[in-house]
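Have a look at the structure below before the remarks.
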Amino acid sequence: VVEGPADMLFLRAVSAQLEREGRTGLSEKWVITPVGGSGKVPVFVALLAPQKGLNVATLLDIQNSDRAQIEDLYKKKLLKKKQVATYGDFAGRDEADIEDMFERDFYVSLVNAEFAAQLKRPIDSDALNDKEPRVLRAIEAYLKSNPLKSGSFGHYRPTRYFSENVATLWSGVSDATKDRFEAAFKHLNALLK
């Protein structure tokens with residue numbers, strides 16, 4: 001269970017590329033299921049978890065305001081603690097979205113490429129608030145002071161851009177990023193055994 005379609009696109013694209021390199025991708029036995037936001041995760045898990053023979057796990061964004069809700073998934077015995085994973089577990093941060101599994105500069109390059117026609121000038125990673133642990137929040141704060149020429153920012157578009165261009169973009173993905181995703185996939189795959 002993931003929060004949205006952006007997670008699904010990133011996970012599928014990265015998994016395929018890791019497998020092409022002979023690394024561990026997400027097992028095909030997993031069906032990535034976006035549920036439409038963090039608020040819907042507990043209800044969805046409550047419906048799925050009791051089903052016999054069905055493996056259920058989460059890979060979720062984590063921010064301090066969601067921590068109690070995520071912990072409730074195992075505290076209320078809907079899932080075991082090891083079935084409740086967050087991107088923060090693999091990014092090594094208290095707060096993280098899937099975008100934080102990538103290096104900040106790389107993710108900003110995706111935003112710059114996808115929103116090139118709408119940005120007054122490309123976003124410089126150094127111009128983002130480095131005290132904001134989540135790159136999406138840092139970009140959103142930057143865009144409040146430096147608005148797009150038209151339209152609005154949405155995190156799905158850079159994800160789609162990555163997914164559509166992964167073959168050419170993959171060489172820019174750091175080994176640390178690959179290691180983070182591979183660790184997440186190994187963790188989830190181990191739950192199938």
Side-chain angles (χ1 to χ4, degrees), residues 1-35 38 41 44-45 48-49 53-63 66 70 73-74 79-114 125 128 133-139 155-193:
V1 174
V2 296
E3 291 182 27
D7 300 78
M8 183 176 65
L9 282 179
F10 268 137
L11 293 172
R12 284 184 176 163
V14 171
S15 177
Q17 289 301 120
L18 287 175
E19 288 175 357
R20 285 183 184 105
E21 291 185 353
R23 297 180 70 157
T24 302
L26 187 64
S27 170
E28 292 293 324
K29 293 179 183 175
W30 284 114
V31 175
I32 303 171
T33 309
V35 297
S38 62
V41 171
F44 202 84
V45 168
L48 287 179
L54 191 62
N55 285 305
V56 178
T58 67
L59 186 53
L60 304 170
D61 298 343
I62 182 73
Q63 56 188 336
D66 292 340
I70 290 170
L73 293 172
Y74 57 84
L79 296 172
K80 294 177 182 163
K81 189 172 183 174
K82 66 183 178 183
Q83 292 171 287
V84 180
T86 70
Y87 295 112
D89 297 335
F90 305 103
R93 300 178 186 179
D94 291 336
E95 296 188 43
D97 302 315
I98 192 167
E99 293 82 1
D100 298 307
M101 296 282 278
F102 295 93
E103 303 303 321
R104 188 171 273 213
D105 288 343
F106 180 81
Y107 184 75
V108 169
S109 75
L110 297 179
V111 172
N112 285 334
E114 176 59 24
S125 294
L128 299 178
R134 297 164 58 213
V135 69
L136 283 180
R137 299 300 162 253
I139 289 170
H155 74 281
Y156 180 78
R157 283 183 52 189
T159 308
R160 187 192 65 221
Y161 177 82
F162 176 80
S163 181
E164 291 172 354
N165 299 284
V166 68
T168 55
L169 294 169
W170 190 248
S171 64
V173 174
S174 72
D175 287 338
T177 295
K178 294 174 186 179
D179 292 345
R180 286 188 281 272
F181 276 102
E182 187 175 38
F185 297 153
K186 285 179 176 179
H187 171 81
L188 292 167
N189 293 348
L191 298 175
L192 294 169
K193 297 176 181 168

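These values consider heavy atoms only, across backbone and side chains, with no hydrogens, waters or symmetry-generated copies. Along the sequence shown, the residues carry numbers beginning at 1.
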Exercise. Please round to the nearest 0.5 Å and tell me the distance separating atom CG of L169 and atom CD of Q17.
Key: 9.5 Å

Quiz item: Do T86 and Q63 have side chains that get closer than 4.5 Å, going by heavy atoms?
Solution: no

Exercise. Quick one: pull up CD1 in I139 and CZ in R134 and give me the separation to the nearest 0.5 Å.
Key: 12.0 Å

Quiz item: Between E19 and G25, which heavy-atom pair has the shortest distance, and what is it?
Solution: OE2-CA, 3.6 Å

Quiz item: Is E182 reaching over with its side chain to a backbone N or O of T24, donor-acceptor style, under 3.5 angstrom?
Solution: yes

Quiz item: Under the 3.5 angstrom rule, does the side chain of T58 hit a backbone N or O of L60 as a donor-acceptor pair?
Solution: no

Quiz prompt | side chain to side chain contact (heavy atoms under 4.5 Å, CB included) between W30 and L11, worked out | solution = CA-CA 11 Å; W30 284 114; L11 293 172; over 6 Å; no

Quiz item: Under the side chain to side chain contact (heavy atoms under 4.5 Å, CB included) criterion, do I62 and Y87 qualify, and how do the steps go?
Solution: CA-CA 7 Å; I62 182 73; Y87 295 112; 5.7 Å; no

Quiz prompt | Expected output: side-chain S15 to main-chain L26 donor-acceptor under 3.5 Å | solution = yes

Quiz prompt | Minimum heavy-atom distance R93-P133, with the two atoms named | solution = NH1-O, 3.0 Å

Quiz item: Measuring from T33:OG1 to E3:CD, what's the distance to the nearest 0.5 Å?
Solution: 13.5 Å

Quiz item: Looking only at heavy atoms, which two atoms of F90 and A85 are closest? And how far apart?
Solution: CE1-CB, 3.9 Å

Practice problem: Decide salt bridge (Lys or Arg N to Asp or Glu O under 4.0 Å) for E99 and R137; before the verdict, give the C-alpha distance in whole Å, the side-chain angles of both, and the deciding distance to 0.1 Å. | Solution: CA-CA 11 Å; E99 293 82 1; R137 299 300 162 253; over 6 Å; no

Quiz item: What orientation do F185 and F181 show, parallel under 30°, tilted 30 to 60°, or perpendicular over 60°?
Solution: tilted

Quiz prompt | Within-4.5 Å side-chain heavy-atom neighbours: W170 and L18 | solution = yes

Quiz item: Given the rule in the side chain to side chain contact (heavy atoms under 4.5 Å, CB included) test, do D7 and L59 qualify, once you have shown the distances and angles that lead to the verdict?
Solution: CA-CA 9 Å; D7 300 78; L59 186 53; over 6 Å; no

Quiz item: Should the pair D89-K82 be classified as a salt bridge under the 4.0 Å nitrogen-to-oxygen rule?
Solution: no

Exercise. May I ask you to decide if V135's main-chain N or O and D100's side chain share a donor-acceptor pair within less than 3.5 Å?
Key: yes

Quiz prompt | Closest non-hydrogen atom pair between D66 and S38, with its separation | solution = OD2-OG, 3.9 Å

Quiz item: Do you know which two heavy atoms are closest between P5 and P34, and how far apart they sit?
Solution: N-CB, 3.7 Å

Quiz prompt | 4.5 Å side-chain heavy-atom contact, N55 and L191 | solution = no

Quiz item: Is there a side-chain contact between E114 and Y156 (heavy atoms, below 4.5 Å)?
Solution: no

Quiz item: Within a reach of under 6.0 Å around CG of D94, are more than 12 heavy atoms found that belong to other residues, nucleotides or ligands?
Solution: no

Self-check item: Separation between CG of D61 and CD of E95, rounded to the nearest 0.5 Å
Solution: 10.5 Å

Self-check item: Closest heavy-atom pair and its distance - L128, A138
Solution: CD2-O, 3.6 Å

Quiz item: Stepwise, does the side chain to side chain contact (heavy atoms under 4.5 Å, CB included) test hold for F102 with V14?
Solution: CA-CA 11 Å; F102 295 93; V14 171; 4.0 Å; yes

Quiz item: So, S125 versus D105: side-chain donor-acceptor pair below 3.5 Å or not?
Solution: yes

Quiz item: Roughly how far apart are Q83 CD and H187 NE2, rounded to 0.5 Å?
Solution: 8.5 Å

Quiz item: With a 3.5 Å cut-off and no angle check, do the side chains of R180 and T177 form a donor-acceptor pair?
Solution: yes

Quiz item: According to the interplanar angle, ranging from 0 to 90°, do the rings of F106 and F162 count as parallel (below 30°), tilted (30 to 60°) or perpendicular (above 60°)?
Solution: perpendicular

